[in-house]
Amino acid sequence: MPMKRVLVTGGAGFLGSHLCERLVEQGHDVICLDNFFTSQKSNVLHLLDHNNFELIRHDVTHPIWLEVDQVYNLACPAAPGHYQYNPIKTMKTSVMGAINTLGMAKRCNARILQASTSEVYGDPTVHPQTEDYRGNVNPIGPRACYDEGKRAAETLFMDYYRRHGIDMRIARIFNTYGPRMHPFDGRVVSNFILQALMGRDITIFGDGSQTRSFCYRDDLVEGLMRLMNAEEGDLQNPVNLGNESEFTIKQLAELVIEITGSKSSVIYQDLPADDPLQRQPDITRARKLLGWEPTIALREGLEKTIEHFRKVDLSEYREPTPNHAIA
Ligand code: NAD
Ligand code: UDP
């Protein structure tokens, strides 16, 4: 593949840092742009001495002036606790971030991929979720800043495509986990693993019968890169990326306890408002267009993630701070 200049917004984050690693390995000229709201430099420190890697501290709500061939727009807090920390800023990041990156892609004729989310389906009434399902989102609930922000970003991507012929892709990413997740992000996989390793109670919200389908980080990033570089077929409409294997949250807790050998007990707490009851991707389109499907089963992925969390230096991580989230 010829060398390209690639911008990754949110490039210091959980998925972004792994994507940057893969792109650097392939010899591309990689610019990682991040404001470190939910990440820190340590995620990309090992890339800094590569000649084909640059790191820029910047907030995507402000215009960006760079010359690149491809843009992966990942900048946005992704965990409920993080995106609800400053919901107005979250909405701005999705909407202004889309406008600024699309404007840049338009000016330099770059191809641009939006990291959208299964949250555009809200609490789905169709199961599994296909891309033509329009969703069941509460526009005024506590998750709306993220869900509606991502929906607005999709609208902007489609309108820039229809109006300006922008070369764009939309990936609807389902729950993804793996090494380098933020340990305090409050997401279920990181929470359960840390709780199990520290011997603390495992906190199941609700009765644990709600489902999610968990995709390992490497599979997901492979899907993103395939979607970006695919040339044939209906690539402008959104593509679901996720693992089809669906688990209840209770099953996840049991698996984490088994793999870690933890003595933790399970406790039940209130289910947060608007928490989707079930979620499973239909990945027929990804299979057909990209020849992609996940290869790493939950048990194997959890083993790798648990290994990572056993070694992690928790003092490297901090909770989001107000000065990173000023609206
Ligand atoms: P993450 O929080 O680790 O990464 C997001 C990155 O964006 C962080 O490095 C953060 O500092 C940065 N960021 C946030 N606001 C910014 C701003 N205004 N300007 C510049 N940088 C900013 O989360 P992640 O899991 O790596 O998610 C990456 C992308 O994938 C996000 O857009 C997210 O919505 C999407 N996604 C992730 C999942 C998942 O399960 N991990 C699921 C669906 C969608
Ligand atoms: N969850 C839980 N215990 C936790 C954290 C999350 O039971 O300590 C539940 C949460 O209510 C949701 C599911 O796990 O039903 C997935 O939550 P997460 O925040 O990881 O992702 P999302 O809800 O955005 O899919």
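In listed order, ligands and their atoms are each counted from 1.
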*Sub-4.0 Å heavy-atom contact, Lys150 with ligand 1*: yes
*Please verify whether a non-hydrogen atom of Thr9 lies at under 4.0 Å from ligand 1.*
no
Against heavy atoms of [X], which atoms of ligand 1 measure under 4.0 Å?
X      : value
Asn175 : 40 (O)
Gly13  : 3 (O), 4 (O), 8 (C), 9 (O)
Ala75  : 7 (O), 20 (C), 21 (N), 22 (C)
Phe36  : 11 (O)
His58  : 19 (N), 20 (C)
Ala12  : 9 (O)

Can you pull out the closest protein heavy atom to [atom]? Residue, atom name and distance to 0.1 Å, please.
atom                    : result
atom 22 (P) of ligand 2 : Arg143 NH2, 3.4 Å
atom 10 (C) of ligand 2 : Asp275 OD2, 3.3 Å
atom 21 (O) of ligand 2 : Asn175 ND2, 3.5 Å
atom 14 (C) of ligand 1 : Cys76 N, 3.6 Å
atom 13 (C) of ligand 2 : Ile249 CD1, 3.7 Å
atom 4 (C) of ligand 2  : Thr203 O, 3.3 Å
atom 27 (O) of ligand 1 : Ala78 CB, 3.7 Å
atom 9 (C) of ligand 2  : Gln210 NE2, 3.9 Å

*asked:* I'd like to check which ligand 2 atoms, numbered from 1 as shown, lie under 4.0 Å from a non-hydrogen atom of Glu119.
replied: 24 (O)
*Can you sort out which atoms of ligand 2 are near Arg187, meaning under 4.0 Å from one of its heavy atoms?*
19 (O), 20 (O)
Could you check whether any heavy atom of [X] sits closer than 4.0 Å to an atom of ligand 2, since that is the contact criterion I want to use?
X      : result
Arg279 : yes
Ala79  : no
Ala253 : no

I'd like the name of whichever of [options] reaches closest to [atom] through any heavy atom.
atom                    : options                       : result
atom 37 (C) of ligand 1 : Leu15, Thr117, Thr176         : Leu15
atom 24 (P) of ligand 1 : Met181, His82, Gln114, Arg187 : Arg187
atom 5 (C) of ligand 2  : Phe205, Tyr268, Tyr177        : Phe205
atom 18 (P) of ligand 2 : Thr176, Val188, Asn191        : Val188
atom 22 (C) of ligand 1 : Val221, Asp34, Asn35          : Asn35
atom 6 (C) of ligand 1  : Gly178, Gly10, Gly97          : Gly10
atom 29 (C) of ligand 1 : Val60, Thr38, Thr61, Leu74    : Leu74
atom 36 (N) of ligand 1 : Phe174, Tyr146, Phe37, Tyr83  : Tyr146

*Just one of Arg279, Glu131, Arg172 clears the side-chain hydrogen bond (donor to acceptor under 3.5 Å, both in side chains) bar with Tyr121, so which one?*
Arg172
*asked:* Taking His28's backbone N and O only, do any of them form a donor-acceptor pair with Asn52's side chain (distance below 3.5 Å, no angle check)?
replied: yes
*Look up atom OG1 in Thr93 and atom CZ in Phe37, then write down how far apart they are to the nearest 0.5 Å.*
8.0 Å
*Can you measure from CD1 (Ile202) to OG1 (Thr260) and round to the nearest 0.5 angstrom?*
6.5 Å
_Under 3.5 Å between any N/O of Asn73 and any N/O of ligand 1: does that happen in this structure?_
no
_N or O pair under 3.5 Å between Phe14 and ligand 1_ = yes
*For Tyr133 and Thr125, does a side-chain donor sit closer than 3.5 Å to a side-chain acceptor?*
yes
